[in-house]
Each structure stands twice: as C-alpha cells, then as structure tokens.
J.: 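Right, I'll just put the structure down here and ask away after.
This one's a predicted model, so the numbers in the text were calculated from it and none came from an experiment. We use all heavy atoms of the structure for the numbers below, so side chains are in, but hydrogens, waters and symmetry mates are not.
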Amino acid sequence: SVILWDLKRGRTARQWKTIRNSVNAFHRIAGGKQVVTVSDDDPYVDTRDVETGELLQRWKWRPVTHSDVSRDGRRLLTRGKSEGGSVPCAVWDLQEGRRISEWKEAGNVVFGGTCLSSDGRLVFSAFGRTDEMLSKISVRDAEAGREEATWDGFGGELLGVDPEGRLMMT
C-alpha cells in the first residue's frame, strides 16, 4: 500500500493498494495532481492520480533502484539493478508516456547517485569501477543517452542539482 499523510493533522490522508512489496521512490508531477512510483522489487513505473489512487499509466521496464524527476515534471530518470556487471538507465517522457532513451553503464560499476538537470536535458551519474572509489561524474544527453563528458576527481555521493541548474551537490 501507498499511504499519503496529512502532516498538519498527523493522520492518513489517502491510501491505495499496489502490487508491490515496497515503493522506494515517489515523485509528484502535473502540479501535484499525480504521482510516479517505482520499486526495486517489480519491473513497473506507475503514474497515479493523487486523490483517488487510480492507475493512469504503467510502463514495464525493470526493477528501479534510483529515480529522479525534472523540475518541470516532464521527465523521469530511472536506474535499474546491476545486470551482469552493467547498470541500466533510462529517461522517460511522462506526458507522452514513452521511453526517450536507454543505455547501460558498462563494467563493474559502483554508483553514487544519478540526477537530471533542472531542465531535464542532461543526466549526471557519479560512478567508479569496483577497484576504485567513486571517482567520476558522467554527463549524458537525456534525449540520446549519449555520454557528453566525464569529469574526474570526484569522491562521494551525488545529491542533486540546484533548481537554477548552476550547481550540483556531492
């Protein structure tokens, strides 16, 4: 079940059933009228009406370990579980209900966070090989999934990009 809490009153505001054992990310979109949920124990990305819990869209992809939504709520970034030493990633257009791009980070990769730029055009991923600490940031074009740049000398966890798109916190 997903439960939305009324924080002022300290009680349940809405609740709806899911097929999942857990929901590990929840993003409000469409001016707060809809939510996107993902889980690392089933392969679905769901969009629901906040008031009713009605399932509006469902895409089958793979279990998702991390996700982020662009500031305008139009794009969703998903990162899946490691598969044979590579990590699958995808960007979705939430209004059109389609996957825009998909790629895999090759090799034995350890991730330290993934996020979208505030305009949803770039994907930032912190990573390193298993024999390194987190040491690089990959910058990808969200439309094509193509790597545009790799920045070295990074260490830590990628936390996000500021709303103006000028700074990234690690």
J.: Assess, by modelled atom type and distance only, whether the side chains of Thr47 and Gln34 contain a donor and an acceptor separated by less than 3.5 Å.
T.: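 No, no side-chain donor-acceptor contact under 3.5 Å.
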
J.: Rounded to the nearest 0.5 Å, how far does OG of Ser101 lie from CG of Asp141?
T.: 7.5 Å

J.: Hydrophobic clusters join Ile, Leu, Val, Met, Phe, Trp and Tyr when side-chain heavy atoms are under 4.5 Å apart, directly or via other members; which others share one with Val123?
T.: Leu77, Val91, Ile100, Trp103, Leu116

J.: Taking NZ, NE, NH1 and NH2 as the nitrogens, is one of them in Glu51 or Arg14 under 4.0 Å from a carboxylate oxygen of the other?
T.: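 Yes, Glu51 and Arg14 are salt-bridged.
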
J.: Please lay out, stage by stage, how Gln57 and Leu55 fare under the test side-chain contact (heavy atoms from CB on, under 4.5 Å).
T.: CA-CA 6 Å; Gln57 292 183 349; Leu55 182 63; over 6 Å; no

J.: What is the distance from atom CZ of Arg140 to atom SG of Cys89, rounded to the nearest 0.5 Å?
T.: 7.5 Å

J.: Under 4.0 Å between a Lys/Arg side-chain N and an Asp/Glu carboxylate O for Asp6 and Arg11?
T.: no

J.: Nearest 0.5 Å, please: how far is CZ in Arg58 from OG1 in Thr37?
T.: 8.0 Å

J.: Would you say that Asp72 contacts Asp119 through its side chain, given a criterion of any heavy-atom pair below 4.5 Å between the two side chains?
T.: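 No, their side chains stay 4.5 Å or more apart.
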
J.: Check whether any side-chain heavy atom of Trp61 sits under 4.5 Å from a side-chain heavy atom of Pro88, and report yes or no.
T.: yes

J.: Show your working on side-chain hydrogen bond (donor to acceptor under 3.5 Å, both in side chains) between Ser39 and Asp42 and close with a plain yes or no.
T.: CA-CA 6 Å; Ser39 174; Asp42 75 41; 4.5 Å; no

J.: Which residues pass the salt bridge (Lys or Arg N to Asp or Glu O under 4.0 Å) test with Arg166, not counting sequence neighbours?
T.: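 Not a single residue meets the salt bridge (Lys or Arg N to Asp or Glu O under 4.0 Å) criterion with Arg166.
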
J.: Near Arg62 CZ, under 6.0 Å, is it more than 12 heavy atoms from other residues, nucleotides or ligands?
T.: yes

J.: Measure the CZ-OG1 distance between Arg79 and Thr65 for me, rounded to the nearest 0.5 Å.
T.: 4.0 Å

J.: Count the heavy atoms belonging to other residues, nucleotides or ligands that lie under 6.0 Å from CZ of Arg98, then report whether that count exceeds 12.
T.: yes

J.: Quick one: pull up CZ in Arg75 and CG in Asp68 and give me the separation to the nearest 0.5 Å.
T.: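 Separation between the atoms: 13.0 Å.
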
J.: Taking atom types as modelled, find out whether Trp92 and Thr78 have a side-chain donor-acceptor pair closer than 3.5 angstrom.
T.: yes

J.: What residues form a salt bridge (Lys or Arg N to Asp or Glu O under 4.0 Å) with Glu148, not counting sequence neighbours?
T.: Arg146

